[in-house]
Amino acid sequence: MERYNTREREAHWQAVWQREAAFEAAELPDRPKYYVLEMFPYPSGRIHMGHVRNYTIGDVIARYKRARGFNVLHPMGWDAFGLPAENAAIERKVHPREWTFENIATMRQQLKSMGLSLDWSREFATCQPEYYEQQQKLFLAFLGQGLAYRRKSWVNWDPVDQTVLANEQVIDGRGWRSGAPVERRKLEQWFFRITRYADELLQAIETLERWPEKVRTMQRNWIGRSTGAKVRFRLADREEWIEVFTTRPDTLFGASFLALSPQHPLSAALAEHSPELASFLEECASLGTSEAAIEQAPKLGFDTGLEVLHPYLPEMRLPVYVANFVLVEYGTGAIFGCPAHDQRDLDFARRYALPVIPVVAPADQDEETRAHYVRHLAEEASEAYDGPGVVINSHFLNDLEVEAAKRAAIERLEQLGEGEGEVQYRLRDWGVSRQRYWGCPIPVVHCAGCGVVPVPEEQLPVTLPDDIDLGKGGNALEHHPTWKHVDCPECGAPALRDCDTMDTFVDSSWYFARFCSPFAEQPVDAAAARYWLPVDQYIGGIEHAVLHLLYSRFFMRAMKDCDLIDLEEPFSSLFTQGMVVHETYADEKGAWLSPAEVVVGGGKAETKDGRPVTIGRIEKMSKSKKNVVDTDHIIASYGADTARWFMLSDSPPDRDLVWSEAGIEGAWRFNNRVWRLAKSPERSMAAAGTPMPDGAKEGESGTLLRQLHRTVEGVTQDLERFHFNRAVARVHEYVNALTSLKAEDEAAAWVRRFGVETLVRLIGPMMPHLGEELWEALGGEGLLCDQPWPEADPVFLVEDTITLAVQMNGKLRATIEVPSDADKETAERLALADESVQRHLADQTPRRVIVVPGRVVNIVV
RNA sequence: GCCCGUGUGGCGGAACUGGUAGACGCGCACGACUCAAAAUCGUGUUCCUUCGGGAGUGGGGGUUCGAUUCCCUCCACGGGCACCA
């Protein structure tokens, strides 16, 4: 039997699409646009199954929207700066640029073999000077607006590699590469003022209706808005104040101490005159920052000997501690401790024998219970009470509910001038400086006389030097003999370039906007951006739920404030797909085995030479567990369409997809089945373009026609809702019906031909190569990718008769055929007349009959 | 600890707004074709059953004529955040 040669035919159609420039987009103002984008890949080496899934989903949407008449933009590029390139350079002695572009070449080829409807004419890599020049312009624009600024900040410092580490690069308090204990250092760093938009970014989450609720929640939590008060505690004996932030001003009368962060400026100042404090601060700095270390670390403090005055009770004095659990980054870096109603404060108070003063009690306690509650909490409890209730022991706040007490407390603070209501965010400004070579250079010069001087626009781009020695560790740009030495653009005196590069998240925060006009002389061309943006459908992994997606939202606002774009929200609809996972295999010694080394069948597995294999957990594909399936191998064996079909068929796209050999085999069978169905001559010959014969609506042909239109309707709905697995199931059902159409008359021949043509149109977005192949075989005009989407004819969506379920007391007893327009009385009469119903009814009289037209008849006895 | 998800056959999963649970696929079994195998096609496949039925969507309870769907509660798994004052 003739077989479908995927390798040859898929390559053929890819070449045709390329030759015809089928997917190159242009701005066509009279047509509705649709911008679909998948998160662009980091060129790490090769495409993995996660990419295949991501780009398959995006391509289905792109091709479907194109068929629906949209002017589709579907571009691709490379997130090409980053640490792995530098590591490869060190390990393999290749230049990061060379390594990166080799990977890009490989991965581009792999993506092309998937048959994606991408506009390759817009391709760029973020490491190209043409791209990062524009990014440097953005940086300078931000600088001009006060959105980029410089300040000293605490960083994770790797003393061996001589570099700053991101939080994610610190594992159990040690540098991820050097293994050396990480130090806290204060360095001059560049920041983007994302906090300026904290409230706006939070508010606007409500408008992102087509984003997953999960992502919206994560962003809300990340921004972390909390309302409370700033309170000034005056130091006894000095005209100085310590500011604290609290969300519980209602518990101020329960305060028994103040605590400063070890990094609080006052802590450092005091340590200058106190060796004991200095050594305590050192101890705090050396403590691990890992989760485990934090969990186990006791609450330690150092009594500074200072005292502050209570803002409401000037006669009351509170001791000031430095405490290891107070974060410098949040609030003011200082807290007041209310042990009765905060667990951490209670732990601390018990350790240092500080007073515990209950000031909130659960409402509706009788006198005795309350007395017991207060005594217990004050004297022995190890758990603080942070529940609701009424305020006690608190002068003017007494008997108020907690929320009312907060308002009253703030009001009094403001009257006294000792504080005011305030909103705090967890969100901090975005530190973008990286002491790395392979990134976008920060376009400023440091001049002894003029300070920080922006590089003038005509001198951009500030390009990375090629002759670089990455072997020395630390910042290679810093070590470069000549690169950093320039004349100050303002005064002409010898000056130094900023040797830091930008965080790679900067590169990905605006690339989607650049795709609208990838070769423009400014970051974005206003007309192109106005036409294409926002991205209508963005697709990617949940791992970017916060950083990338939040930074991009920030960037659009920042660019808007620089008059570079007129947009706030970059992505109107977001879809986060699940991971591709696979069984893990281990041999008798516990060593991991790759799927290629294992033969699986009937729930058992062994190696190819017959040794026993243990089937382990299903996990994300990873090199370390060896449960990786090679994409090239799959595409070479089964073709891209089969891989795509399988990606869509088994699981809903937002859940994890279990890759299985059996699953891909099933998709392969279906691929061939459709090919044979459409290729068999008796099905494709007759009836092209002729009007529907009279008899087609009757009998077997009529049944198939109705199913055809139902399928079109259903698949359309499914694709709109990202229910690809259901669309696949529907197409399966439809193919089953189409194959079993037995009639041989003229009407059947016509329906068969029309049925196959419709099938080809429906599978086009999902299996595009096979679609083109069969479109051609059917004698279709032009390319399938330019054909309109089939329309369901409502006439065929209504049935003459419907099946009605008949229940007795909610249990199914029969099904009956009734005319689809039958009224309640008819349905009830037919149901009661049913033989099976009569048998179950015996002598009983129905007490009640509920008829839901079109659904069910329930007889209650 | 707090905040989200998710629990349905041997497996992946369907079931729109409370109305025939298990669509479709995988796997398995049997059959057809074949000298044989592969491929292909067909039939069956939730469990129990005395073949009348009965049970069943993580467990328990509730609302309803009727619950996978709504409410309460507990359990398991997954994810996010986490000394955030």
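Naming convention: chains lettered A, B, ... in sequence-line order (proteins, then strands); numbering from 1 in each chain.
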Among B:G19, B:C41, B:A82, which nucleotide has an atom closest to any side-chain atom of A:Arg426?
B:A82

Residue mapping more 5' on RNA chain B - nearest nucleotide basis, A:Asp650 or A:Ile542
A:Asp650

Salt bridge flag under 4.0 Å for residues A:Glu329 and A:Arg426
no

Is any side-chain nitrogen or oxygen of A:Arg848 closer than 4.0 Å to OP1 or OP2 of B:C65?
yes

Do A:Asp199 and A:Tyr425 have a side chain donor and acceptor closer than 3.5 Å?
yes

Gap in Å between the two C1' atoms, one belonging to B:U57 and one to B:A76, rounded
16 Å

Considering only the C1' atoms, how many Å lie between B:U46 and B:C41, rounded to the nearest integer?
27 Å

Check the distance between B:A85's C1' and A:Phe325's CZ and give it to me in whole angstrom.
8 Å

Whole angstrom is fine here: how far is it from CD in A:Glu543 over to P in B:C81?
12 Å

Span that lies between the P atom of B:G54 and that of B:U73, in whole angstrom
34 Å

As a check on the pairing definition, encode RNA chain B in dot-bracket form, counting Watson-Crick and G-U wobble pairs whose two distances are under 3.5 Å, and using | for partners outside this strand.
(((((((..(((......[....)))((((((.......))))))(((....)))..(((((..]....))))))))))))....

Write down the protein N/O and nucleotide N/O pairs, taken from nucleotides 20-24 of chain B, whose separation is under 3.5 Å; answer none if there are no such pairs.
unit_1	atom_1	unit_2	atom_2	d
B:A23	O2'	A:Glu733	OE2	2.9

Does A:Arg220 put a side-chain nitrogen or oxygen below 4.0 Å from OP1 or OP2 of B:G80?
no

Rounded distance (Å) that lies between atom P of B:A85 and atom CG of A:Asp347
16 Å

What's the CD-P distance between A:Glu329 and B:A85, to the nearest Å?
14 Å

Sorted by chain and number, sequence neighbours left out, salt bridge (Lys or Arg N to Asp or Glu O under 4.0 Å) with A:Glu403 holds for A:Lys406

Salt bridge (Lys or Arg N to Asp or Glu O under 4.0 Å) with A:Asp345: which residues, sequence neighbours excluded?
none

Between B:A39 and B:A32, how far apart are the two C1' atoms, rounded to whole Å?
14 Å

Report the nucleotide, chosen from B:G27, B:C83, B:G79, that has the shortest atom-to-atom distance to any side-chain atom of A:Lys214.
B:G79

Minimum-distance nucleotide to A:Trp222 side chain [options: B:C83, B:A14, B:C81]
B:C81

Any side-chain donor near an acceptor of the partner, A:Ser649 and A:Asn725, under 3.5 Å
no

Please report the distance separating the P of B:A38 from the corresponding atom of B:C30, rounded so that it comes out in whole Å.
13 Å

Distance between the P atoms of B:U6 and B:U17, in whole angstroms?
14 Å

Near-ring test A:Trp241/A:Phe233, centroid separation under 6.0 angstrom
no

Just label B:G10 as syn or anti from its O4'-C1'-N9-C4 or O4'-C1'-N1-C2 angle, using within 90° of 0 for syn.
anti

All salt bridge (Lys or Arg N to Asp or Glu O under 4.0 Å) counterparts of A:Glu420, not counting sequence neighbours
A:Arg232

Hey, which of these two, A:Asn221 or A:Leu327, hits RNA chain B nearer its 5' end, going by closest nucleotide?
A:Asn221

Does A:Ser660 put a side-chain nitrogen or oxygen below 4.0 Å from OP1 or OP2 of B:C11?
no

Pull up the glycosidic torsion of B:G60 and say syn or anti, syn being anything within 90° of 0.
anti

Categorize A:Val852 for me: base, sugar-phosphate, or nothing, with a 4.0 angstrom heavy-atom threshold over every strand shown.
base

Is any side-chain heavy atom of A:Tyr4 less than 4.5 Å from a side-chain heavy atom of A:Leu770?
yes

Taking B:U8 as the reference, what is the distance to B:G59 when you measure between their P atoms (whole Å, please)?
10 Å

Tell me whether A:Arg216 is salt-bridged to A:Glu213, with the criterion being a basic N under 4.0 Å from an acidic carboxylate O.
yes

With side-chain hydrogen bond (donor to acceptor under 3.5 Å, both in side chains) as the test, would you mind laying out the steps for A:Ser226 and A:Gln424 before giving the verdict?
CA-CA 5 Å; A:Ser226 47; A:Gln424 276 288 335; over 6 Å; no

A:Arg847 near the nucleic acid: base, sugar-phosphate alone, or nothing, with a heavy-atom cut-off under 4.0 Å?
nothing

Distance in angstrom units between A:Met218 CE and B:A82 C1', rounded
13 Å

Distance-only, no hydrogens or angles: does the A:His840 side chain make a donor-acceptor pair with backbone N or O of A:Met808 under 3.5 Å?
no

All N/O pairs under 3.5 Å across the protein-nucleotides 50-54 of chain B interface:
unit_1	atom_1	unit_2	atom_2	d
B:G53	OP1	A:Arg839	NH1	3.3
B:G54	OP1	A:Arg813	NH2	3.4
B:G54	OP2	A:Arg813	NH1	3.3

Got more than 12 heavy atoms from elsewhere within 6.0 Å of CD, A:Glu835?
no

Counting any heavy atom closer than 4.0 Å, what does A:Val326 reach on the DNA or RNA strands: base, sugar-phosphate only, or nothing?
base

